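Computed from a prediction, not measured in an experiment: that's the story for all the values here.
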Amino acid sequence: MTSIAPTKTAAFGLWPSPISAALVAAGAAPLTQLALGGADGQEIFWLAGRSGEGGRNTLLRRLAGSVSELTPAPFNVSTRVHEYGGGAYAVAGDTVYFSNFADQRIYMKAGAADAAPLTAPGMQRHADFIVDHQRQRLIGVREMHGARHSPGRIDPDNTICAIAQDGTETVLAQGHDFYAAPRLSPDGRALAWLSWDHPSMPWQGTQLWLADVLPDGSLSSPRLVAGGADVSVCQPQWSPAGSLHFVSDHSGWWNLYRLCGANTEALCPMEAEFSTPPWTFGGAMYGFCAPDEIVCTYIENGVSKLARLTSGAVLEEIANPYQEIRELRVGPGFVALLGGGPAIALELARIDLSNGELDVLARSLGELPAHAYLSLAQSIHYPSSGGRIVHAFFYPPQNADYAAAPGSKPPVIVVSHGGPTSMASNTLKLATQFWTSRGFGVLDVNYGGSSGFGREYRNALKGQWGVVDVDDCIAGALYLVDHGFADGERLIIRGGSAGGLTTLCALTFHDVFKAGASYYGVSDLKGLDQDSHKFESHYNEYLIAPAAQAQALYQARSPIHHTERLTRPMIFFQGLDDKVVPPQQSSLMVDALKARGVPVAYLAIEGEGHGFRKAQNIARTLEAELYFYRRVFGLSGPDAAAAVAIDNLPG
């Protein structure tokens with residue numbers, strides 16, 4: 001096919017584009033949390049986000065080629081355990097159990113009957129629950145709020161809990177700060193689960209436990225079988241033959257293991273990741289297609305692969321079009337997965353394992369813009385501080401109709417992802433194409449600390465948050481300038497949550513970037529400790545330093561204490577219901593910049609938390625950000641963006 005050269009000329013950043021902010025928002029349909037069910041295991045379940053309904057998550061089921069909605073409004077299938085949730089429903093035959101966001105009660109829906117509450121109203125939340133068929137109950141993680149006091153704060157109490165059909169709740173395991181992944185053996189006689197304690201996060205150190213289940217349903221003889229303070233274990237699963245499998249980074253890479261008596265066996269040692277950091281419950285990157293065969297996905301050099309692992313430790317790749325596979329479930333003769341790629345937005349697919357036939361069941365985007373308007377990710381690698389090599393994806397400007405004047409260079413937006421353990425992928429995202437189709441370049445950086453490249457790469461951020469991540473974003477921007485891909489006078493950095501701290505530090509302590517955008521970003525590390533929820537309340541001990549040594553570093557690295565050094569224009573976006581990064585983190589920065597005469601804009605949004613889910617707010621923030629960049633760089637043109645008030649901007 002012959003490409004058609006653009007016929008019109010306009011400055012970078014001013015290209016009219018068919019990819020509107022409203023289109024981006026309408027396309028924001030998250031697909032998450034796969035499950036299989038039905039008598040023959042052929043039914044596929046998943047959650048679909050509805051941005052047009054306030055970000056509501058609804059449970060869908062595909063049966064015999066048709067899709068039905070099991071949880072119509074006002075149900076919102078979501079749990080707030082750890083605030084990030086996940087593992088919000090379970091399936092047993094024609095019955096589904098799900099957590100409803102509004103009241104955090106578990107509801108049961110049997111067949112065609114209406115959903116009815118199973119748990120009583122109260123302060124408890126539940127997640128990652130499974131069905132114990134023999135005892136007619138659920139087993140899951142319970143987070144009881146208002147139940148335990150620790151110095152200076154009130155924290156919830158986390159346990160493994162059983163929930164009977166009459167709603168009665170019985171604690172099965174307790175005493176650790178956190179629990180996850182209760183998994184019952186096929187014969188119902190053993191239960192495995194994970195625990196960890198402060199100050200660890202689950203990707204730093206977890207323990208895998210195994211206990212006998214007695215006839216009365218209680219647990220006996222719990223024993224530690226894997227993991228420790230410096231080893232992360234996740235995704236425990238039982239094979240059909242009753243062998244306990246799990247993922248561990250004992251080797252420095254999250255690899256597959258099997259419990260063999262008192263010992264563990266590495267099934268396929270390799271420098272690849274069979275897990276991502278478990279911020280949410282219930283994820284799975286492998287499953288069993290036979291008692292001694294596994295279908296798995298793993299990340300190698302930042303790209304996902306799909307493969308079959310046989311008993312002889314032979315890894316046979318399964319052909320598929322995806323370069324990111326977020327999770328999968330294995331059924332009789334097939335695998336269901338959530339995948340995407342440079343030209344593929346996230347979608348739900350079913351792959352027949354006998355012939356490789358692929359059937360797309362759901363798409364996060366109903367319709368893609370014409371290919372000629374899409375910028376495809378280019379994988380780049382470049383040096384940064386300490387001799388490290390950093391991985392990133394670069395999206396050059398692309399528009400079927402427009403080109404810039406010869407010799408000109410585009411403004412480039414450097415994206416610092418959240419987490420900070422998250423991983424930038426090359427899956428097609430309209431939010432990225434919104435910028436590239438208007439003549440902006442985008443660099444999505446997997447800075448040191450990102451997942452997908454082994455524990456050593458993640459640990460590059462240990463004690464260095466606000467330093468290594470910033471260095472890597474700056475190095476990426478300068479790499480593009482040096483190679484002629486970016487205008488050094490129009491470099492932008494943007495980030496959300498932890499990426500917001502990276503953004504703020506880059507603009508406060510360095511002069512490479514000329515403007516920035518913070519989405520619910522961290523500006524005060526000490527305030528984050530004081531205000532954060534239990535799950536992350538000790539995270540800074542890893543990212544910065546243990547509390548006894550942290551105060552001086554908090555002062556040195558918190559942008560709120562150095563606003564006199566911040567002279568670049570900024571725009572802030574903040575959900576007023578945010579429980580992860582409280583709104584005052586943004587408002588204090590905005591007030592300080594206003595007082596100092598630095599150009600600043602602020603959108604505080606009612607009814608949004610940590611991450612924006614409502615379509616009108618997604619669109620509004622994008623339009624405001626575009627307007628802001630055009631104003632601060634003196635760009636004006638026919639493709640008008642929605643105005644936002646900018647304090648201290650001349651003219």
Under 3.5 Å, is there a donor-acceptor pair between the side chain of [X] and the main chain of [Y]?
X      : Y      : value
Thr206 : Val233 : yes
Ser17  : Ile19  : yes
Ser99  : Ser78  : yes
Ser437 : Tyr373 : no
Arg329 : Leu34  : yes
Arg308 : Leu353 : yes
Thr421 : Ser451 : no
Lys305 : Val303 : no

Lys/Arg N to Asp/Glu carboxylate O, [X] vs [Y], below 4.0 Å:
X      : Y      : value
Glu69  : Arg56  : yes
Lys614 : Glu608 : no
Lys534 : Glu143 : no
Asp132 : Arg137 : yes

Could you pull out the closest heavy-atom pair between [X] and [Y], with the gap in Å?
X      : Y      : value
Thr79  : Gly86  : CG2-O, 3.2 Å
Ala424 : Phe393 : O-CE1, 3.3 Å
Gly49  : Asn57  : CA-OD1, 3.5 Å

Tell me whether the count of non-hydrogen atoms from other residues, nucleotides or ligands lying under 6.0 Å of CG in Asp359 goes above 12.
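Buried by this count: over 12 neighbours within 6.0 Å.
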Is the number of heavy atoms from other residues, nucleotides or ligands under 6.0 Å of Glu606 CD greater than 12?
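No, because the 6.0 Å sphere around CD of Glu606 holds 12 heavy atoms or fewer from other groups.
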Please assess Leu23 against Phe434 for the test side chain to side chain contact (heavy atoms under 4.5 Å, CB included), listing each intermediate value before the final yes or no.
CA-CA 9 Å; Leu23 182 64; Phe434 174 86; over 6 Å; no
Answer with yes or no whether the side chains of Thr119 and His126 bring together a donor and an acceptor at under 3.5 Å.
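No pair is found: no donor N or O on one side chain lies under 3.5 Å from an acceptor on the other.
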Is a side-chain donor-acceptor pair under 3.5 Å present for Thr503 with Ser518?
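No, no side-chain donor-acceptor pair sits under 3.5 Å.
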Can you check whether Tyr539 and Trp203 have ring centres sitting under 6.0 Å from each other?
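Yes, ring centres under 6.0 Å apart.
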For this output row, return yes or no: ring centroids of Phe75 and Tyr107 closer than 6.0 angstrom.
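Ring-ring flag for Phe75/Tyr107: true, centres closer than 6.0 Å.
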Would you call the rings of [X] and [Y] parallel, tilted or perpendicular, where under 30° means parallel and over 60° means perpendicular?
X      : Y      : result
Trp196 : Phe178 : parallel
Phe288 : Tyr286 : perpendicular
Trp435 : Tyr629 : tilted

Counting C-beta onward and ignoring hydrogens, is there a side-chain heavy-atom pair between Val131 and Thr95 closer than 4.5 Å?
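With C-beta onward as the side chain, the pair stays apart.
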Any non-hydrogen side-chain atom of Ile351 less than 4.5 Å from a side-chain atom of Leu306?
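They are in contact (side-chain heavy atoms under 4.5 Å apart), so the answer is yes.
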What verdict does the side chain to side chain contact (heavy atoms under 4.5 Å, CB included) test give for Thr58 and Val77, after you've listed the backbone C-alpha separation in whole Å, the side-chain angles of each residue and the deciding distance to 0.1 Å?
CA-CA 6 Å; Thr58 190; Val77 183; 5.8 Å; no
Go through the steps for His417 and Tyr447 under the test side chain to side chain contact (heavy atoms under 4.5 Å, CB included), then give the verdict.
CA-CA 9 Å; His417 64 64; Tyr447 51 75; 3.4 Å; yes
About how many Å separate OG of Ser586 and OH of Tyr519, when rounded to the nearest 0.5 Å?
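The OH atom of Tyr519 sits 12.0 Å away from the OG atom of Ser586.
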Mark yes or no: Arg458 above the aromatic ring of Trp254, with NZ or CZ under 6.0 Å from the six-membered ring centre and no more than 45 degrees from the axis.
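Because its charged atom sits under 6.0 Å from the ring centre and within 45° of the axis, Arg458 does stack over Trp254.
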